[in-house]
Amino acid sequence: MTYEFMLLNNRTSKYGTPQKVETFEVFARIVQNARSTRKNDTKDGPAICAPMKDNKRGNSNVLPRNWVAIDIDGGKQQKQDAAGKVYTPKGTDSLGISPQVLEALKEVLKPYSCFIYPTHSDTPTARKYRAVLALDKDLGPKDWQICTHNFCSWLMEKIPELAEQPDKLITAAIDGASYTPAQLMYTVPKEKAASLELFHGAPISTAQFTKGSKTKKKALAKIDSTAPAPEAEGFRPELKHVDPILEALTACGLILRDMGGGKYAIKCPSGEHDDGSLTSTAYFAPGSKRDNGKRYRYGAICCMHDTCKSKGRGTEAFLSMLGMEYAAYCREIDQQEANPDLFTASSGEYSTVNGVVYLSVYKVLAGKVTKGPKEALFPEIEIIGQARDPDGQGWGRLIAFRNNDGRRLEVLIQDSDLTGKGDNVREALTSSGLPLYSTGRNIARYLCDYIYNRPIVNRENPDLMPQKVAITRRGGWLGDAFITPNGVIGDSEERIYYEPAGNAKANYDQAGSIEKWRDSVGYVARYSSPLTLAICTALAAPLLSRISWLEQKSGGFHFYSTSTVGKTSIAEAAAGVYGKPSPDGGRVISWSGTANALEYVAAAHNDSLLCLDELKTAKPYEVSDIIYRLANSVGKARLDKEINLRAPATWRALWISTGELTVSQYVEQAGYTAQAGTDIRSIPIDVGMGVRVNPTDRDTLGIFEEVPPDFKKISEAFNLLSAGTRENFGVLGFKWLEYLTANAKAVKAQAELFARRFDEKAPKEIGAQQSRELNRFKLCAVAGEIATKAALTGWQEGQATDAVIKLMERYFAGLTTGTKEARRLIESLREAVQTIHKFALYGTSERAEYGYRNFEPCGFFPSEDSETGEELTDPEIKPVESAPKQKRIMFLDSVFPKLIGNYSPEAACAELIHRGLLIQNDKDPKGKLRLKAKVKANGMSGRFYTIDHDKLMNYEESD
């Protein structure tokens with residue numbers, strides 16, 4: 001788009017130099033640098049104005065232009081004489097605006113193509129700024145003046161401090177000269193040139209701000225929200241649109257005659273019976289009235305010709321002939337006519353005047369419906385949009401209002417609550433500070449009626465359809481955007497409202513800078529593999545749903561050591577990647593309080609890092625269950641208040657845990673049995689590296705492999721790590737999430753590249769088996785390398801991979817490929833056996849999904865569900881043997897091959913025989929034991945792959 005203006009040397013210049021630029025950015029740079037070569041920088045100097053005829057400035061010479069310049073100088077202090085007349089003393093200077101109002105102004109202007117800069121009289125205590133904004137088309141002086149007036153009035157509505165304040169005797173903050181078509185505006189003062197801010201938004205919609213012919217010449221008054229404002233007399237909203245059908249008929253030349261009252265005689269759109277005369281075809285435009293006085297809402301086409309009557313053609317068919325869709329047309333009319341300031345609902349007519357909602361209740365007297373007197377109810381409540389979850393369920397309204405403190409709050413109200421009695425809605429909103437001007441018995445119903453039926457209109461751009469809002473109850477990825485309690489990172493097609501499950505929120509606070517983080521935490525991590533792995537684990541969490549080769553999405557690492565080596569320092573450094581690294585509202589969560597709020601905490605940390613500190617504070621009998629629930633990524637199914645099944649909470653997360661023992665050791669030391677697979681889901685990493693500077697030193701370097709250069713003692717490295725973590729947190733994670741959202745395609749390609757490099761470096765005896773543990777290590781290395789490539793960590797390429805492989809080798813130490821494969825086989829069978837309800841009792845009619853068992857799992861298989869009371873066992877099923885000498889698990893032939901991975905059944909049985917787990921009790925004709933045991937009970941007989949239950953569940957690799 002081309003922008004034209006005239007450049008003047010000073011205010012006395014009658015003639016100027018015409019300027020024509022192709023972009024708004026070039027326009028801004030000319031205004032910014034016009035004084036850069038001048039020796040003197042007095043107030044009078046280079047200025048801009050509208051393009052002028054013959055390049056001579058004057059009211060009669062103003063040419064059309066597509067930009068406006070607005071001076072926001074602050075109001076002027078008025079006085080009141082003895083007679084009560086208010087006046088502005090001559091020579092009174094503007095008061096300026098506060099820094100807070102200036103920031104609010106910038107936020108409002110950001111969506112537009114504009115630039116803003118301080119004027120000559122701007123001071124730190126009285127800010128005075130000029131804003132230059134682009135229009136979407138050229139306007140002549142009259143329309144330009146209307147558009148500027150209306151835009152400034154809208155600006156005062158958005159920022160009430162800019163409007164006139166009669167209670168304080170202060171005029172409006174916008175200089176009236178801004179509305180003068182021929183007004184000149186000075187360019188940026190030389191010493192303030194660097195303060196110009198340019199926003200790359202959209203031009204102002206001139207259609208939005210030139211509707212109607214009246215200009216708002218008086219600034220809007222700031223209304224005190226604590227008391228009802230007096231209603232303006234003669235308040236009547238007007239219909240402001242042209243019907244699309246009428247436009248289409250006109251464009252097609254089908255209008256024959258205007259019959260008045262919005263009724264038109266037309267040629268039939270079918271073209272099948274055009275005899276050149278007026279037909280009985282009639283068009284009723286929205287706004288026309290019927291004989292009974294009621295108004296047509298939508299336009300209608302009716303053709304009385306026999307051809308159309310016989311084919312049953314109605315408005316929908318005729319619109320199709322015009323290339324229009326009837327449903328879309330109706331939606332457009334609904335949107336155009338929607339008026340949140342005056343609408344009708346079941347209770348009566350709601351009107352909004354000066355920010356106060358009034359209701360005229362409908363009453364039936366003597367068979368006639370009448371409107372009662374208007375009653376003030378509450379301040380205006382904005383309906384931002386209809387909201388629902390990503391699955392299209394849980395519909396509600398996202399509303400906004402100002403509470404008693406003047407703060408703007410956004411609240412989600414469920415539609416199901418709005419259609420009930422409404423007392424819970426009233427209680428929730430008044431508790432949040434919504435003032436009520438009426439406290440009658442029906443106020444709750446009126447409140448719900450208003451919220452549910454108020455038209456949803458985009459006041460900034462009425463041409464847009466009503467906004468839809470996506471509700472999410474967990475943090476992390478939603479489409480291509482990343483959700484945090486502090487806001488949305490990345491782009492989203494819809495507005496997103498985050499309402500965390502259980503009101504649990506992950507901390508995403510920020511402090512310090514990415515440069516200082518690199519010079520402290522990032523620097524010392526180069527000399528500590530455990531610290532590098534912890535940071536890489538944090539970076540890897542958002543990649544869980546972006547990587548295809550991960551078998552198990554959620555999982556973690558447990559950093560342990562029997563001595564004080566820096567385990568908590570590792571946890572805090574990892575937590576500090578995304579937020580405040582402390583337990584008091586920060587990211588470090590104690591094991592002790594995790595069980596009860598597990599699901600909500602995990603959902604809040606979805607696609608992010610969860611830090612659990614000090615395993616010794618947890619109840620040993622809960623630990624394995626917590627880890628399994630975290631790894632399963634889904635919470636318990638629960639019932640809502642209506643006794644309906646709620647969707648369980650879900651998540652994807654990586655976690656870091658710390659303790660003096662491994663998880664299994666801690667559980668078993670307390671006398672409990674650790675569930676099989678606990679350590680696979682939370683991989684134990686011994687962070688006591690055992691490195692000493694000198695062999696005779698008593699103390700080790702803790703989590704470090706060497707003393708970082710320039711440090712004499714390892715304590716200096718710990719001090720730098722502690723200070724860096726405490727002073728610089730959240731910035732790395734924010735930059736990392738920005739990078740992931742802006743480079744989604746590149747990240748996938750980088751992940752594949754660094755994964756291949758990891759496989760090349762990893763020892764072959766480890767890398768040959770793609771296990772869950774190995775892939776978790778690999779994911780962390782890949783994340784660290786991508787972040788390094790993005791210049792976020794300050795590390796050298798390959799550092800993350802080398803550190804992760806070093807710790808992976810320690811974890812897999814002593815295991816050959818064969819033993820790893822066997823361990824995975826045993827783990828798979830254990831997991832299957834743990835779902836004991838899938839194994840039927842042999843010798844009964846119980847349905848078998850995986851196979852059979854010869855025992856009743858009475859110790860941990862309840863007869864009824866603890867939450868619902870539903871009976872789980874069939875009373876007709878009787879055990880084969882109440883107390884078998886040997887508990888056996890028998891796998892069906894269709895299931896066993898699915899549980900043994902890459903093994904053949906024969907090779908799997910060989911491994912199980914080697915470990916004494918497979919039961920063989922029958923020989924073939926050659927005298928060789930068969931792989932399948934023969935089982936008989938209650939007349940049933942069969943052969944199955946049979947396992948000793950107790951040996952399997954208690955098997956350890958060291959055996």
Side-chain angles (χ1 to χ4, degrees), residues 551-554 624-625 627-637 645 648 650 673-678 680-681 772 823-884 886-901 903 905 908-909 911-912 917-919 931-938 940-955:
E551 295 178 35
Q552 184 172 359
K553 297 298 184 182
S554 296
S624 288
D625 179 58
I627 289 177
Y628 264 78
R629 286 166 64 191
L630 281 174
N632 288 340
S633 300
V634 61
K636 293 181 179 179
L645 190 64
T650 59
T673 301
Q675 294 187 41
T678 297
I680 292 178
R681 287 160 177 78
R772 295 175 181 175
R823 188 181 69 165
R824 191 174 181 190
L825 165 66
I826 294 170
E827 169 61 20
S828 178
L829 295 176
R830 276 175 169 171
E831 287 187 4
V833 173
Q834 283 179 323
T835 57
I836 196 68
H837 58 282
K838 295 184 179 181
F839 292 85
L841 188 60
Y842 195 72
T844 69
S845 59
E846 189 177 352
R847 176 177 170 273
E849 184 176 346
Y850 277 9
Y852 298 95
R853 65 183 189 276
N854 71 334
F855 61 93
E856 283 287 12
C858 54
F860 51 92
F861 192 68
S863 61
E864 64 178 31
D865 190 288
S866 61
E867 291 188 4
T868 65
E870 180 182 358
E871 190 169 328
L872 299 177
T873 56
D874 187 339
E876 295 183 0
I877 297 175
K878 300 185 182 300
V880 178
E881 188 178 346
S882 58
Q886 185 184 47
K887 291 182 179 179
R888 297 179 175 180
I889 292 291
M890 296 153 272
F891 290 93
L892 295 173
D893 288 354
S894 58
V895 174
F896 188 70
K898 298 178 181 179
L899 302 176
I900 58 178
Y903 281 102
C909 288
E911 288 287 357
L912 296 173
L917 301 177
L918 188 74
I919 295 174
L931 298 180
K932 296 181 183 178
K934 189 172 184 178
V935 184
K936 293 181 179 180
N938 288 0
M940 292 178 65
S941 178
R943 294 183 184 277
F944 305 94
Y945 294 108
T946 305
I947 302 291
D948 186 312
H949 173 272
D950 290 343
K951 282 188 177 181
L952 175 68
M953 300 310 291
N954 296 316
Y955 182 81

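In this chain, residues are counted from 1 in sequence order. Bear in mind that the values here come from a model prediction, so they are computed numbers and not experimental data.
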Output the distance between atom [atom1] ([X]) and atom [atom2] ([Y]), rounded to the nearest 0.5 Å.
X      : Y      : atom1 : atom2 : answer
His949 : Asn954 : NE2   : CG    : 8.5 Å
Arg888 : Lys951 : CZ    : NZ    : 11.5 Å
Glu911 : Leu825 : CD    : CG    : 7.0 Å

Which heavy atom of [X] sits nearest to which heavy atom of [Y], and what is that distance?
X      : Y      : value
Ala832 : Leu899 : CB-CD1, 3.8 Å
Arg830 : Leu952 : NE-O, 2.9 Å
Tyr945 : Leu931 : CD2-O, 4.3 Å
Ile836 : Arg853 : O-NH1, 4.0 Å
Ala631 : Ser554 : O-CB, 3.9 Å
Glu827 : Ile680 : CG-CD1, 3.9 Å

Any side-chain heavy atom of [X] within less than 4.5 Å of one from [Y]?
X      : Y      : result
Leu917 : Asp948 : no
Phe855 : Ile889 : yes
Ile900 : Ser828 : no
Leu829 : Leu912 : yes
Lys838 : Val895 : no

For this session: Give a yes or no answer on whether the side chain of Asn854 reaches the backbone of Met890 with a donor-acceptor pair at less than 3.5 Å.
Result: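 Here the side-chain-to-backbone pair does not exist.
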Kindly write out the residues that satisfy side-chain hydrogen bond (donor to acceptor under 3.5 Å, both in side chains) with [X], not counting sequence neighbours, or none if the list is empty.
X      : result
Asp893 : Lys932
Thr650 : Arg474
Glu849 : none
Ser624 : Thr678

Problem set entry | Which residues share a side-chain contact (heavy atoms from CB on, under 4.5 Å) with Ser941, sequence neighbours left out |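 Only Lys934, Lys936 meet the side-chain contact (heavy atoms from CB on, under 4.5 Å) criterion with Ser941.
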Exercise. Of all residues at least two apart in sequence or in a different chain, which pass the ring pair (Phe, Tyr, Trp, His ring centres under 6.0 Å) check with Phe944?
Worked result: Tyr842, Tyr852
Problem set entry | Parallel, tilted or perpendicular: rings of Phe891 and Phe839 (30°, 60°) | perpendicular
For this session: Apply side-chain contact (heavy atoms from CB on, under 4.5 Å) to the pair Leu918 and Ile947, showing each step before the final yes or no.
Result: CA-CA 5 Å; Leu918 188 74; Ile947 302 291; 4.0 Å; yes
